[in-house]
Number of protein chains: 2
Amino acid sequence: MIRLNRTTEYGLIALRHMSQRRQNITSAREVADQYGLPFEITAKTLQRLRDCGLIQSAQGAHGGYMLKKELEEVTLAEFLQLMEGPQAVVVCAPPMGSGHVGCECEYKGKCEIKGFMTDLNTRVFRFLSSIRLNELGRLRTVLAIGDEP
Amino acid sequence: MIRLNRTTEYGLIALRHMSQRRQNITSAREVADQYGLPFEITAKTLQRLRDCGLIQSAQGAHGGYMLKKELEEVTLAEFLQLMEGPQAVVVCAPPMGSGHVGCECEYKGKCEIKGFMTDLNTRVFRFLSSIRLNELGRLRTVLAIGDEP
DNA sequence: TTTATATACGATAATAGTTATCGTATATAA
DNA sequence: TTATATACGATAACTATTATCGTATATAAA
C-alpha cells in the first residue's frame, strides 16, 4: 500500500542533492553517478521535476538543473501529487485534497464503510501535508508528537 | 503511492459488515451481494482474513465466517501488514515495524537521504498504528489532533 | 564550423504486481 | 443424496511501473 514509486524516490534524492549545492548547477549525470542510479531514469526524473516546476533546466554543454522552489514551500502531499498524480487511499474515495467531499462509491446500497474510507483518506492527506521537503535529512530533529524522546 | 489494494479494501468492508452482526455467521455470498462485490474475490478475501486470524470459518451447508478478533485490537498498520505483507515506504528503508533500524540502502556512497527515508517510514508506520479497525464507520468522532473542528 | 556535452521527449519493450477466473476438492446440514 | 458453502491451486487477464532506445535540440568551447 504505502510505497513511493521509483521516480518519486529518485526525485527526493535529487532534490536533496540540489538543496545542498545552491547556486551550483547539477546534471543528471552527476546525480546518477553520486548515488549509483541509472542515468536514463535519473534524467527522466529530473525532467519530471522540471515539468512539476520544482527545478529549472538549462540546455547545452554546461547546462543542467537548479532548484526553483524552496523545498520548505513544498509538502510531501503536494510532491506526491505532482509526481504520481492524484492520490486516493481507496477506490471509493475521491483523491486527497481534491476538494470533493462526495463519495464516488461504486458499492451497492448503503455502504456504511464510505465514511471510514473518506476519513482515512483525509487523515492520510493531512499527515502527508504535515511533512515538508526541507525536512529531508534532518527529520530526526523535528519528529512529531507521539514519538519517543 | 497511497492506495489500499482491492483485497484489503474488500477485507475492511467485510470486517465491518461482520462487526455489525455479531453472533451471526456471514457468508461470502452475503457480503458480495450486499455490497455488489464479485463473489469469487470476496470469497478469496474472506479466506485471506481467516488465514490472518482475524475471522474464523465454518465449512458446510450453514457454514460461513465469524469475527475472531476484536476489531479494536487491530491497528491499520497491523492489518495492512497481514493483508499485503511487510510494508516499506521506500526501497532503501526496512519494512515498517520490522524492528530493523539499519538501512538496506542500495545507493552508492553516503546517501544522506536515508535518514529522511527511514524517518518517513517510521512516521507513516506510527500514523497507521494510531488507527484501529473499530473506528470503521465512526471515524469522524475520533479525528486526531490537527483536524479542524 | 565542428565537437563534446547536456537536456527533451516520444515510443516502446520488459518486468512486476494486481485482479479476475476456472476447476476441483472438501465439509456438512437437511 | 443433494444443496450449499468453504478451500485452494493454477493461471489468465489486466494494469502499472520501470527500463531502454532513438532521435532531436541547445550551447559552450575548440
Side-chain angles (χ1 to χ4, degrees), chain A residues 1-11 13-14 18 24-34 36-68 80 83-92 106, chain B residues 1-11 13-14 18 24-34 36-68 80 83-92 106:
Chain A
M1 166 210 185
I2 304 274
R3 179 79 179 262
L4 303 188
N5 72 26
R6 204 53 79 95
T7 300
T8 305
E9 189 166 347
Y10 288 179
I13 291 174
M18 298 174 74
N24 288 344
I25 204 160
T26 310
S27 69
R29 177 67 59 194
E30 180 178 297
V31 173
D33 287 350
Q34 175 122 10
L37 312 180
F39 169 73
E40 294 283 3
I41 299 171
T42 305
K44 278 264 161 74
T45 298
L46 286 163
Q47 284 163 34
R48 187 69 199 269
L49 289 172
R50 180 187 124 272
D51 294 341
C52 295
L54 295 169
I55 64 180
Q56 53 189 319
S57 65
Q59 283 191 333
H62 285 165
Y65 298 95
M66 287 182 68
L67 276 183
K68 192 173 171 188
L80 287 175
M83 295 295 278
E84 302 183 11
Q87 304 285 310
V89 171
V90 289
V91 172
C92 78
E106 68 190 5
Chain B
M1 167 214 184
I2 303 274
R3 179 81 179 262
L4 303 187
N5 73 25
R6 203 55 78 96
T7 301
T8 306
E9 189 167 346
Y10 289 180
I13 291 174
M18 297 173 74
N24 287 346
I25 205 160
T26 309
S27 70
R29 178 66 62 192
E30 180 180 295
V31 173
D33 287 350
Q34 175 122 9
L37 312 180
F39 169 73
E40 295 282 4
I41 299 171
T42 306
K44 277 264 161 72
T45 299
L46 286 164
Q47 283 163 34
R48 187 70 199 270
L49 289 172
R50 181 187 122 272
D51 293 342
C52 295
L54 295 169
I55 64 181
Q56 53 190 320
S57 65
Q59 283 192 331
H62 285 166
Y65 297 94
M66 288 182 66
L67 277 183
K68 193 172 169 186
L80 287 173
M83 294 295 279
E84 301 184 11
Q87 304 287 309
V89 171
V90 290
V91 173
C92 79
E106 67 189 6

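So that the names make sense, note that chain A is the first sequence line, chain B the second, and so on, each numbered from 1. As the structure is a prediction and not an experimental result, all values here were calculated from the model.
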Self-check item: Check: A/E84 side chain, A/T8 main-chain N or O, donor-acceptor pair, under 3.5 Å
Solution: no
OP1 or OP2 of [N] versus the side-chain N and O atoms of [X]: is any pair under 4.0 Å?
X: B/S57; N: D/dA7; result: yes
X: B/Y65; N: D/dA7; result: yes
X: A/R50; N: C/dC9; result: yes

Rounded to whole angstroms, how far apart are [atom1] on [X] and [atom2] on [N]?
X: B/I25; N: C/dA29; atom1: CD1; atom2: P; result: 11 Å
X: B/N5; N: C/dA20; atom1: CG; atom2: P; result: 10 Å
X: A/L46; N: C/dC9; atom1: CG; atom2: P; result: 13 Å
X: A/Q47; N: C/dA6; atom1: CD; atom2: C1'; result: 10 Å
X: A/L4; N: D/dT18; atom1: CG; atom2: C1'; result: 15 Å
X: A/Q56; N: C/dA6; atom1: CD; atom2: P; result: 18 Å
X: A/L80; N: D/dT17; atom1: CG; atom2: P; result: 13 Å
X: B/E30; N: D/dT4; atom1: CD; atom2: C1'; result: 14 Å

Using atom types as modelled, flag every donor-acceptor pair under 3.5 Å from a side chain in residues 50-60 of chain A to any protein atom, sequence neighbours excluded.
unit_1 : atom_1 : unit_2 : atom_2 : d
A/R50  : NE     : A/S57  : OG     : 3.4

Quiz item: DNA chain D: A/G60 or B/A61, which has the more 5' nearest nucleotide?
Solution: B/A61
Quiz item: Between atom CE of B/M18 and atom NZ of B/K68, what is the distance when rounded to the nearest 0.5 Å?
Solution: 11.5 Å
Quiz item: Are B/Y10 and B/I41 close enough that some pair of their side-chain heavy atoms sits under 4.5 Å apart?
Solution: yes
Quiz item: Under a 4.5 Å cut-off applied to non-hydrogen side-chain atoms, are A/R29 and A/S27 in contact?
Solution: yes
Quiz prompt | Step-by-step side chain to side chain contact (heavy atoms under 4.5 Å, CB included) determination, B/L80 to B/L4 | solution = CA-CA 8 Å; B/L80 287 173; B/L4 303 187; 3.7 Å; yes
Please report the closest heavy-atom contact between [X] and [Y], naming both atoms and the distance.
X: B/L49; Y: B/A14; result: CD1-CB, 4.2 Å
X: A/A28; Y: A/A43; result: CB-CA, 3.8 Å
X: B/T42; Y: B/A32; result: OG1-CB, 3.7 Å

Quiz item: Nearest of C/dA29, D/dT6, C/dA6 to any side-chain atom of B/H62?
Solution: C/dA29
Exercise. Looking only at side-chain atoms of B/R6, point me to the closest of D/dT17, C/dA6, C/dA20.
Key: C/dA20
Quiz item: Base, sugar-phosphate, or nothing: which does A/A43 touch, judged by heavy atoms less than 4.0 Å apart?
Solution: nothing
Using atom names, set out every protein N or O paired with an N or O of nucleotides 21-26 of chain C below 3.5 Å, distance rounded to 0.1 Å.
unit_1 : atom_1 : unit_2 : atom_2 : d
C/dT21 : O4     : B/K44  : NZ     : 3.1

Practice problem: Let me see the working for B/T7 and B/M83 under side chain to side chain contact (heavy atoms under 4.5 Å, CB included), right down to the final yes or no. | Solution: CA-CA 8 Å; B/T7 301; B/M83 294 295 279; 3.6 Å; yes
Quiz prompt | Canonical and wobble pairing (Watson-Crick, G-U, under 3.5 Å) of DNA chain C, dot-bracket with | | solution = ||||||||||||||||||||||||||||||
